[in-house]
Chemist: 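The structure that follows is given in the form of C-alpha cells.
Just follow the structure's listing: the first ligand is 1, and inside any ligand the first atom is 1.
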Amino acid sequence: MELGVKRQEHIVPSYSLTGDLLSYLRCRLQYRYHNRSSLPPSRPVQLWFGEFLHGTLEMAYRHWSERQAEFGVPPAFPWPCNPRKWLEREPNWEAHDIGKIANAIENSLRQRGIQARSSDARDSAYRRAEIAVNKLGPHLFPLIEAAERKVIGTRPVAPSDAELRCDNYEVHGVIDVLTHVTLSQARDDNLIRQCVQQACPDLQGTYEVIVDYKGARRPRCDEKYWNQDNWQIQTYAWLREHQPDSLPVAAGILIYLNELLPGSLEIKSLKQGIASKTTDIIPAPSSRDAQIVRLWRPGMNIEQLSLTYRLRRAIRIVQVSEQSIAKALNEFDDVVRRTEIDILEETNGRNILKAWSPTCDDPATCAACDFRHFCPKPARGYKQHEEDIL
Ligand code: SF4
C-alpha cells in the first residue's frame with residue numbers, strides 16, 4: 001500500500017485579547033517569559049489589585065441581583081464596608097457588607113498565592129472597592145444584562161513575507177459587563193445613560209454598552225495604553241455582534257478604578273497631562289480641584305478631589321462604529337503577525353532576548369517586572385519606581 005505524504009499541520013493558534021495581545025503590546029520580552037514559558041510572576045502585586053477589584057465588583061453585583069430576584073428589592077445603597085478579617089461565623093454581619101464581599105475575594109486570591117504587596121495597598125484597594133460599589137453600583141447594576149460574558153471569533157493573520165505556521169487565528173476574551181440600555185426606561189439621573197447620551201447624542205431605542213473595569217489610572221492620550229484600551233473595546237464589540245442574542249453595540253465604557261481614589265501616581269500623571277495638554281478631563285480652572293492638583297508635590301498627602309471630578313476621570317466613553325472596529329481589528333491582526341514572526345525566529349534558533357527584544361517604555365511596568373535584572377533595555381528611570389511598586 002502506498003502511504004500518502006503527511007499533510008502539513010493546520011494550526012489555528014488561540015490568542016486571548018488581554019492575556020496575549022495586550023500583554024505583547026505591553027512588552028514582548030515579558031510576554032515571552034510569562035505567557036509562552038508559563039513562568040508565573042514572582043510577586044504578582046499588580047495581578048492582585050486588578051483581580052481583587054474585578055472579583056469584588058462582580059460578587060457585589062451578583063449579591064445585588066439575587067436579592068432583587070428574591071425580595072423584589074435590592075439592599076439600598078450605600079452598603080457598609082468593614083474591611084477587617086471576617087470570621088467564619090460572624091454575628092450581626094450584613095450579607096452585603098462590602099468588606100465581607102471583598103474579604104471573600106481576598107481569601108480566594110490568597111489561596112492561589114496572590115496577595116497585596118502591603119497593608120497600605122490593601123487598604124487603598126478596599127477603599128476603591130467601596131467607592132466603586134457605592135457610587136457606580138446604583139447606576140450600573142440596574143442596567144446589567146450579563147456579567148463575565150465570554151466571546152470568541154476567528155480572524156485572518158495580517159499578510160507577511162515570512163512563512164508563518166497559520167493563516168488564521170482565534171481570538172477570545174471575557175467582557176466584564178454587558179448592559180442593555182433603553183433610553184426611555186433608564187432614569188434621567190443615571191450616570192451611565194448620561195455619559196453615553198453625551199458621547200452619542202443621536203442614539204435611539206435599545207442598545208448594548210460594553211463595560212470594562214481597569215485596575216489602573218486613566219492613561220494620558222499620548223500613552224500607548226490610551227489607544228490599546230480603545231482597541232480592546234472595539235474588538236469586544238465585533239466579537240459580541242457575532243453572537244446570536246446581541247443588540248447593536250453603541251459604545252464601550254472603560255472604568256479606571258484607581259481614579260475613584262487617586263494616589264500619588266494618578267495625581268502625578270494628571271499634573272503631567274495638564275502641563276503637556278495630553279489629558280482630556282481637566283478640572284475647571286478656578287475650582288478647588290484645580291487648586292488641589294496645582295499645589296500637590298511628590299511626597300505630599302493627597303487632599304481629596306471632589307467625587308464628581310473623580311467619577312468623570314474614572315469613566316471613559318468609547319464610541320463604536322464600523323470604521324473604529326475595522327481599525328482595531330487590523331491593529332490586532334498585525335500584533336498576531338508580529339507574534340508569529342517572533343515565534344518563527346525563536347524556532348529557527350534565534351536567541352530569545354533578540355527574537356523577542358523588549359519593547360516596554362513604561363518605568364512603572366519595568367519596576368515590577370521579574371526580568372528587569374537581565375533585560376537588555378528596561379525603560380529609563382524604572383529604578384525610581386521600584387520603591388512605589390514593590
Ligand atoms: S524590564 Fe521592562 S522592557 Fe525589560 S522585559 Fe521587563 S517589562 Fe520588558
Chemist: Applying side chain to side chain contact (heavy atoms under 4.5 Å, CB included) between Leu254 and each of Ile315, Ile317, Ile233, report the one that passes.
Modeler: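 Testing Leu254 for a side chain to side chain contact (heavy atoms under 4.5 Å, CB included) against Ile315, Ile317, Ile233 leaves exactly one candidate, Ile233.
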
Chemist: With heavy-atom distances below 4.0 Å as the criterion, list the atoms of ligand 1 near Cys360.
Modeler: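 Per the distance check, 2 (Fe), 3 (S), 7 (S), 8 (Fe).
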
Chemist: Short list, please: which atoms of ligand 1 are under 4.0 Å from a heavy atom of Cys369?
Modeler: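 Answer for ligand 1: 1 (S), 5 (S), 6 (Fe), 7 (S).
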
Chemist: Evaluate the criterion side chain to side chain donor-acceptor pair (under 3.5 Å) for residue pair Asp370 and Tyr33; output intermediate values, then yes/no.
Modeler: CA-CA 10 Å; Asp370 287 336; Tyr33 283 124; over 6 Å; no

Chemist: Considering only heavy atoms of Cys366, which atoms of ligand 1 have at least one such atom less than 4.0 Å away?
Modeler: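 Numbered from 1, ligand 1 contributes 1 (S), 2 (Fe), 3 (S), 7 (S).
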
Chemist: Answer with side chain, backbone, both or neither: which part of Lys377 has a heavy atom less than 4.0 angstrom from an atom of ligand 1?
Modeler: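 Looking at Lys377 and ligand 1, just backbone atoms fall under 4.0 Å.
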
Chemist: Using a strict cut-off of 4.0 Å, indicate which atoms of ligand 1 neighbour a heavy atom of Cys375.
Modeler: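 So the answer, numbered in order with elements, is 1 (S), 3 (S), 4 (Fe), 5 (S).
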
Chemist: Under a 4.0 angstrom heavy-atom cut-off, which atoms of ligand 1 come close to Cys27?
Modeler: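 Selected atoms, number and element: 3 (S), 5 (S), 7 (S), 8 (Fe).
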
Chemist: Decide whether Gln243 and Arg240 meet the rule of one side-chain donor and one side-chain acceptor closer than 3.5 Å.
Modeler: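 Distance-only check passes for Gln243 and Arg240.
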
Chemist: Going by the atom numbers of ligand 1, which of them fall below 4.0 Å from some non-hydrogen atom of Arg372?
Modeler: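 By the 4.0 Å cutoff, the relevant atoms are 1 (S).
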
Chemist: Quick one: do Arg218 and Asp280 satisfy salt bridge (Lys or Arg N to Asp or Glu O under 4.0 Å)? Show the steps, please.
Modeler: CA-CA 10 Å; Arg218 188 183 188 95; Asp280 54 341; 2.8 Å; yes

Chemist: Would Arg350 and Glu345 pass as an ion pair if we require N to O under 4.0 Å?
Modeler: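 Here Arg350 pairs with Glu345 in a salt bridge, since their nearest N and O are under 4.0 Å apart.
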
Chemist: Could you tell me whether the side chains of Tyr236 and Gln232 share a donor-acceptor contact shorter than 3.5 Å?
Modeler: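 The answer is yes; a qualifying pair exists.
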
